[in-house]
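Start at 1 with the first residue, then count along the sequence. All ligand and atom numbering here is 1-based and tracks the order in the structure.
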Amino acid sequence: MEKLDIVLYPEQGLREVCTPVAEMNDDIDKLIDDMFYTMYDAPGIGLAAPQVAVQERLIVVDVSEKNNQPIALINPEIIQSSGHITWEEGCLSLPGIYAKVNRPSHILVRGMDRDGKPVEFEADELLAICIQHEIDHLNGKLFVDHLSGLKRTRALQKFRKLHQEQTQEH
Ligand code: K2U
Ligand code: ZN
């Protein structure tokens with residue numbers, strides 16, 4: 001297991017549409033282990049491959065209290081969505097920035113598991129939010145992109161200010 005570096009905004013890779021995983025192999029399997037390790041260490045409840053500089057369609061999530069319900073999804077797609085939910089989101093690639101985001105509260109998601117088997121399941125509430133947040137990453141989208149112009153501008157200005165101070169401190 002290896003802790004991977006998490007890519008920070010405005011790295012270009014966070015704005016790219018990621019490539020589908022062609023086939024399961026040992027490299028992807030190790031990457032999944034390293035992504036879970038990195039996510040739990042952050043700590044976080046989700047992580048997408050482009051956040052660790054891998055431009056492939058792979059996400060890991062675990063929204064359980066005890067960090068014991070890991071879900072790895074390869075080439076995930078949202079097949080159906082319904083309902084509405086507002087949640088104060090953050091992002092490991094935009095540390096220190098939080099904002100309320102509206103998303104569908106119920107989704108039907110399809111993909112492949114780490115054994116290469118097709119999976120399809122329904123998700124609600126926080127699991128639905130987390131999977132949507134991670135699939136956004138695979139499409140080069142960040143949670144701040146769901147905000148209105150002024151809120152988005154203010155959030156990114158705050159991030160730049162926070163981050164510039166850290167850069168200048170070193
Ligand atoms: O993709 C990421 O950056 C990890 C995100 C996932 C996420 C954000 C907002 C809402 C749901 C999932 C977070 O940084 S994980 C951090 C976190 C921890 C507890 C609750 C919400 C977010
Ligand atoms: Zn994120």
Side-chain angles (χ1 to χ4, degrees), residues 1-19 21 28 31-78 81-109 111 114 121-148 151-152 154-160 162-163 166:
M1 302 274 231
E2 198 182 320
K3 193 169 95 174
L4 305 173
D5 290 336
I6 294 180
V7 166
L8 295 182
Y9 178 89
E11 284 285 330
Q12 187 48 37
L14 292 172
R15 288 310 195 177
E16 286 177 16
V17 176
C18 297
T19 308
V21 172
I28 297 284
L31 174 61
I32 289 171
D33 285 338
D34 293 346
M35 283 177 67
F36 274 120
Y37 185 83
T38 303
M39 180 190 81
Y40 290 127
D41 174 80
I45 56 174
L47 194 67
Q51 294 182 279
V52 291
V54 174
Q55 304 305 125
E56 295 194 48
R57 301 186 77 80
L58 161 62
I59 66 173
V60 296
V61 304
D62 185 343
V63 299
S64 66
E65 291 290 317
K66 295 193 177 118
N67 288 350
N68 59 356
Q69 288 170 33
I71 301 171
L73 272 177
I74 292 150
N75 303 332
E77 295 174 89
I78 293 172
S81 62
S82 60
H84 300 278
I85 186 167
T86 301
W87 189 271
E88 179 92 2
E89 297 196 13
C91 183
L92 298 175
S93 297
L94 282 144
I97 302 301
Y98 300 91
K100 283 189 174 24
V101 176
N102 303 315
R103 293 185 190 270
S105 55
H106 177 90
I107 59 172
L108 175 62
V109 60
R114 65 184 301 170
F121 59 91
E122 297 186 47
D124 289 302
E125 310 282 316
L126 186 54
L127 181 58
I129 293 166
C130 187
I131 289 171
Q132 291 174 83
H133 178 112
E134 303 312 333
I135 291 177
D136 273 355
H137 275 298
L138 303 184
N139 296 320
K141 199 161 180 168
L142 300 171
F143 81 98
V144 292
D145 299 335
H146 291 276
L147 305 180
S148 65
K151 284 183 181 167
R152 182 167 175 278
R154 283 189 178 145
L156 292 175
Q157 276 170 343
K158 182 182 173 189
F159 177 78
R160 288 191 191 98
L162 278 174
H163 198 60
Q166 280 161 5

If you stand at the Zn ion (ligand 2) and look out to SG of Cys91 and NE2 of His137, what angle do those two lines make, to 10°? 100°

Within the protein, flag every N or O under 3.5 Å from an N or O of ligand 1, and note the pair and distance.
residue: ligand 1; atom: 1 (O); partner: Gln51; partner atom: OE1; Å: 3.1
residue: ligand 1; atom: 1 (O); partner: His133; partner atom: NE2; Å: 3.1
residue: ligand 1; atom: 1 (O); partner: Glu134; partner atom: OE1; Å: 3.0
residue: ligand 1; atom: 1 (O); partner: Glu134; partner atom: OE2; Å: 2.8
residue: ligand 1; atom: 1 (O); partner: His137; partner atom: NE2; Å: 3.4
residue: ligand 1; atom: 3 (O); partner: Gln51; partner atom: NE2; Å: 3.0
residue: ligand 1; atom: 3 (O); partner: Leu92; partner atom: N; Å: 2.7
residue: ligand 1; atom: 14 (O); partner: Leu92; partner atom: N; Å: 3.4

Counterpart residues, salt bridge (Lys or Arg N to Asp or Glu O under 4.0 Å), relative to Asp145 (two or more places apart):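 By the salt bridge (Lys or Arg N to Asp or Glu O under 4.0 Å) rule, Asp145 matches Arg15, Arg152.
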
With side chains defined as the heavy atoms from C-beta onward, is the minimum distance between Phe143 and His133 less than 4.5 Å?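 The answer is yes, as the side chains (C-beta and beyond) meet within the 4.5 Å cut-off.
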
Test of understanding: with side-chain contact (heavy atoms from CB on, under 4.5 Å), list the residues that count as partners of Val7, not counting sequence neighbours.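 So Val7 forms a side-chain contact (heavy atoms from CB on, under 4.5 Å) with Glu11, Leu14, Ala53.
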
Main chain of Val60, side chain of Glu134: is a donor-acceptor contact present, judged purely on distance under 3.5 Å?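 Flag not set: sc Glu134 to bb Val60 has no pair under 3.5 Å.
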
Counting N and O atoms only, with roles assigned by atom type, does the side chain of Asp62 sit under 3.5 Å from a partner on the main chain of Gln69, one being a donor and the other an acceptor?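 Yes; at least one donor-acceptor contact below 3.5 Å.
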
Name all residues meeting the ring pair (Phe, Tyr, Trp, His ring centres under 6.0 Å) criterion together with Phe159; count only those two or more places apart in sequence or in a different chain, and write none if there are none.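 Residues passing ring pair (Phe, Tyr, Trp, His ring centres under 6.0 Å) with Phe159: Tyr9, His163.
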
